[in-house]
Amino acid sequence: MRSYVQLLFDVAAEKLPYLNEVPVFFDNPKQESHGDLACNAAMMLAKNLKRRPLDIANEIVNELKFDSSLIEKIEVAPPGFINIKFTHGYISGIINTVLNKSDSFGKSDLHSGKKAIVEFVSANPTGPLTVGHGRNAVSGDTIASLLEWIGYSVDREYYFNNAGRQMRVLGDSVKFRYLQLLGEQIEFPEDHYQGEYITDIARKLHEQYGDTLRENAPADLFKDTAEKEIFADIEKTLKSIGIVFQTYYNENSLYADGKIDDVLKQFKDNNLSYESDGATWLRLSEMGQDADKVIIKSTGEPTYRLPDIAYHTTKFNREYDLIVDLFGSDHNATYTDVLAGLKALGHDTDKIKVLIHQFVTIMQGKEIVKMSTRKANFITLDELIAETGRDAVRYFFNMRSITTHLNFDLEIAKKQTDENPVFYLQYAHARISSIMRMAEEQKIGFSDNPADGLSHEDEIRLLRKLWQFENEVLIAAENFEPQRITVYLEELAAMFHRFYTSCRIIGSEKAVAEARLTLSAAVRQTIKNGLSILGVSAPERM
RNA sequence: GCGCCCAUAGCUCAAUCGGAUAGAGCAACAGCCUUCUAAGCUGUAGGUUAAUGGUUCGAGUCCAUUUGGGCGUACCA
């Protein structure tokens with residue numbers, strides 16, 4: 001329908017060439033009296049044409065030759081909006097569209113044939129995932145789903161560093177705990193990983209190897225064991241909230257297959273790097289950044305920038321049309337260096353969309369819980385899932401725009417009451433399921449032509465809302481804004497609950513009852529589809 | 001000091017390239033279950049969108065300055 005309306009304007013533009021001077025957009029008006037689609041082109045044109053927007057709007061409307069079976073009317077409203085109202089027959093048709101498309105309703109093929117990669121979580125395996133990682137995980141997974149819904153073929157990827165200093169400290173942390181288990185009186189360094197999970201890993205090693213690791217442990221045994229154990233936990237946690245990655249890309253492999261050397265050579269060959277004080281520096285100040293930065297330390301060890309750049313070149317080499325990186329705000333200073341480096345190597349960095357999500361503040365009542373992996377006074381994602389459930393975790397993290405700080409009050413999250421909006425949606429779904437079971441017993445079936453049985457304002461509102469779903473998914477996906485889906489679903493559910501109160505199904509005359517049942521089925525399907533984008537379950541009973 | 005991000009109702013948050021009267025939930029108050037799930041519905045109250053100035057037909061949204069907060073500012077990641 002949007003494309004049909006667009007076509008009407010294209011036709012009008014043949015007589016009114018000025019229409020080509022501005023982009024013509026169609027909004028879903030907030031207010032019902034403004035129709036189903038609104039266009040503001042006349043006002044955008046007013047200045048250039050030096051004419052009154054109302055006159056321009058009227059001129060445009062006169063050139064719009066529309067099919068009266070689809071569009072009821074097109075009106076001009078001050079200061080110059082063009083409001084388009086669909087016919088009841090057309091808008092009612094959404095019910096059959098929903099039921100026919102079923103689990104695919106809301107999907108569009110605007111970007112089909114394109115490949116996208118979404119990199120998220122990417123936490124280094126130095127400890128269990130925290131609540132902060134949880135936000136990243138849920139947002140990233142949902143953004144990936146959204147992209148799939150608008151046609152992209154999407155790979156979810158997790159990148160982690162397992163080559164640097166951090167991992168050495170991790171290995172040493174396990175070793176110290178191991179030695180303590182053997183009864184040695186050593187002080188555990190304050191800057192090492194303090195968590196209980198470190199001792200657990202040490203204990204496992206002790207069970208397996210006894211005290212033989214005191215003297216002749218294989219070089220990387222402590223580190224490798226820690227990485228393996230912790231990573232297994234991370235994967236398990238992610239799986240418990242329905243997140244599965246296509247690939248886990250690790251830093252070590254970039255050294256093994258020579259990609260680090262390749263990039264380094266390219267920098268050198270193109271005079272983009274230089275040596276100073278025994279270190280290798282990248283000429284970032286010539287790439288629009290504040291200062292040059294070290295990519296290889298005087299110790300010979302690269303800083304994170306070099307492997308990160310090398311890693312991203314693999315994304316370009318893998319020919320993705322869209323490259324999405326989702327980081328926490330603590331990375332906000334690092335990604336610009338990486339982008340600058342990639343651009344200098346000749347990559348089209350416009351394909352990269354870097355998303356920075358703000359931090360999660362954990363509240364225990366009114367008290368702020370300060371989190372630090374090293375000090376291990378964090379709340380783990382596992383604990384959060386155990387206390388609130390998978391659906392609540394996924395819904396809560398998707399409820400807000402990723403750009404805003406998020407307060408997660410553990411006391412509220414633990415409550416399974418109506419303060420928790422996920423139940424409101426699931427309840428609507430379960431309620432409709434219940435009606436459908438009941439209707440079946442009463443031999444009330446679906447209507448092939450529900451339009452005639454629907455006239456109540458609460459019914460009309462639902463129809464219009466269903467019609468908007470596909471576009472909502474599109475906007476949410478293109479802007480990487482999962483919270484738009486939760487907002488939409490809450491509005492849809494509220495409309496349904498109202499309709500439920502005002503429009504009875506069982507007991508109404510047959511044509512009306514069947515039309516309402518069919519509408520309810522379409523609402524149920526749409527709620528289910530929306531929840532599935534978010535990764536939240538849609539229960540049949542509650 | 002510098003960079004990025006944030007500031008909307010008592011609280012937590014929405015608001016589609018800048019659009020029409022800034023919306024929800026929770027909390028508060030008043031109602032609605034002999035009838036399809038009351039985890040629901042209806043109504044009331046709640047706002048100088050942190051402040052000031054600017055851009056324009058029109059600003060929560062864009063620009064400048066200020067205030068308050070978060071994260072960075074490494075030869076850590």
Side-chain angles (χ1 to χ4, degrees), chain A residues 23 25-31 33-34 38 40 43-44 46-47 52-53 77-81 83 122-124 126 160-161 164-167 169 251 277-281 290-291 293-299 301-305 307-308 328-336 356-359 361 399-401 403-409 412 416-421 423-424 426-428 430-439 441-442 444 468 471-472 474-476 478-479 481 483-484 486-487 490-491 493-494 496-498 500-502 504-508 513 516-517 520 541-542:
Chain A
F25 289 108
F26 302 100
D27 288 340
N28 295 320
K30 285 180 201 149
Q31 217 170 310
S33 61
H34 296 149
N40 62 0
M43 286 174 291
M44 314 257 308
K47 192 174 188 184
R52 293 176 56 215
F81 290 100
N83 294 330
S122 294
N124 291 339
T126 58
F160 61 100
N161 301 100
R165 192 191 77 94
Q166 251 191 344
M167 296 303 289
V169 172
E251 183 186 2
D277 300 332
T280 305
W281 298 68
D290 288 340
K293 296 277 174 65
V294 170
I295 50 174
I296 296 187
K297 301 184 234 175
S298 51
T299 61
E301 208 171 24
T303 64
Y304 70 91
R305 292 183 191 88
D308 272 15
S329 61
D330 54 337
H331 281 70
N332 75 56
T334 70
Y335 76 91
T336 48
I356 305 284
H357 69 81
Q358 296 301 304
F359 267 25
T361 306
M399 239 165 45
R400 285 92 166 161
S401 154
T403 61
T404 69
H405 295 266
L406 185 153
N407 280 352
F408 207 120
D409 187 330
I412 289 178
Q416 304 232 341
T417 67
D418 56 359
E419 284 177 60
N420 195 336
F423 291 114
Y424 184 78
Q426 294 183 320
Y427 180 66
R431 209 178 206 187
I432 299 172
S433 299
S434 171
I435 295 168
M436 291 173 68
R437 286 190 295 270
M438 197 75 72
E441 285 173 21
Q442 308 265 332
I444 301 170
Q468 290 167 5
N471 195 242
E472 281 296 328
L474 185 66
I475 292 171
E478 288 186 333
N479 294 298
E481 293 182 333
Q483 89 281 357
R484 298 190 68 95
T486 69
V487 170
E490 285 174 36
E491 286 169 359
F496 175 78
H497 285 308
R498 189 187 161 104
Y500 173 89
T501 311
S502 61
R504 294 193 57 81
I505 294 172
I506 294 166
S508 296
R516 287 177 176 170
L517 182 69
S520 299
R541 296 171 199 272
M542 286 175 77

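Sequence lines set the chain letters: A, B, ... in the order given, protein chains first and strands last, and positions in each chain run from 1.
A:Tyr500 has a side-chain polar atom (N or O) that falls below the 4.0 Å cut-off from OP1 or OP2 of B:A38. Within the structure, a side-chain polar atom (N or O) of A:Gln483 is placed less than 4.0 Å from OP1 or OP2 of B:A15. Not one side-chain nitrogen or oxygen of A:Tyr335 sits closer than 4.0 Å to the OP1 or OP2 atom of B:C71. For the OP1/OP2 pair of B:U73 and a distance below 4.0 Å, the side-chain nitrogens and oxygens of A:Lys293 include no atom meeting the criterion. Between A:Ser434 and B:U37, a side-chain N or O to OP1/OP2 separation shorter than 4.0 Å is present.
Stretches of at least 3 consecutive Watson-Crick or G-U wobble pairs, with each checked distance under 3.5 Å, appear in RNA chain B as B:1-7 with B:67-73, B:10-13 with B:23-26, B:28-32 with B:40-44, B:50-54 with B:62-66.
Minimum atom distance to the side chain of A:Lys297 is reached by B:C75, of the listed B:C75, B:A14, B:A20. Candidate nucleotides B:A20, B:G40, B:G72 were compared by shortest atom distance to the side chain of A:Ala38, and B:A20 ranks first.
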Between the protein and nucleotides 42-44 of chain B, which nitrogen or oxygen pairs are less than 3.5 angstrom apart?
residue	atom	partner	partner atom	Å
B:U42	OP1	A:Arg498	NH1	2.9

Listing time: all N or O pairs from protein to nucleotides 5-12 of chain B that are below 3.5 Å?
residue	atom	partner	partner atom	Å
B:C5	O2'	A:Gln358	NE2	2.8
B:U12	O2'	A:Arg400	NH2	2.2

Just the table, please: protein N/O against nucleotides 54-60 of chain B N/O, every pair under 3.5 Å.
residue	atom	partner	partner atom	Å
B:C57	N4	A:Met43	O	3.4

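Judged by distance alone, with hydrogens and angles left aside, A:Asn83 brings a side-chain donor or acceptor within reach of the base of B:A20, the pair sitting under 3.5 Å. Contact annotation: side chain of A:Glu472 to base of B:U16, donor-acceptor pair absent below 3.5 Å. A donor-acceptor contact under 3.5 Å is not formed by the side chain of A:Asp27 with the base of B:G19.
Once the 5.5 Å centre distance and the 30° plane angle are applied, the aromatic ring of A:Tyr424 is found not to be stacked with the base of B:G25. Between the side-chain ring of A:His34 and the base of B:A20, a stacking contact exists by the 5.5 Å and 30° definition.
The distance from atom CZ of A:Arg504 to atom P of B:U35 is 9 Å, rounded to the nearest whole Å. For A:Ile505 and B:U37, the CD1 to C1' distance is 13 Å, given to the nearest whole Å. Between the P atom of B:C36 and the CZ atom of A:Arg541 lies a distance of 16 Å, rounded to the nearest Å. Nucleotide B:U37 holds its C1' atom 14 Å from the CD atom of A:Gln426, rounded to whole Å. One atom, OH of A:Tyr304, and another, C1' of B:G72, lie 10 Å apart when rounded to the nearest Å. Computed from coordinates, the A:Glu491 CD to B:G25 P distance equals 10 Å when rounded to whole Å. Between A:Asn28 atom CG and B:A15 atom P there is a gap of 15 Å when expressed in whole angstrom units.
Using modelled atom types, one side-chain atom of A:Thr303 and one backbone atom of A:Val294 make a donor-acceptor pair closer than 3.5 Å.
In terms of heavy atoms, A:Ile295 sits closest to A:Arg305 at CG2-CB, 4.1 Å.
Anti is the classification of B:C57, since its glycosidic angle lies more than 90° from 0.
With sequence neighbours left out, the ring pair (Phe, Tyr, Trp, His ring centres under 6.0 Å) criterion links A:Phe81 to no other residue. Judged as a ring pair (Phe, Tyr, Trp, His ring centres under 6.0 Å), and not counting sequence neighbours, the contacts of A:Phe26 are A:Phe9.
Heavy atoms of A:Thr280 sit nowhere under 4.0 angstrom from any nucleic acid atom.
Within the 4.5 Å cutoff, the side chain of A:Ser520 has heavy atoms near those of the A:Phe496 side chain. Within the 4.5 Å cutoff, the side chain of A:Glu491 has no heavy atoms near those of the A:Gln468 side chain.
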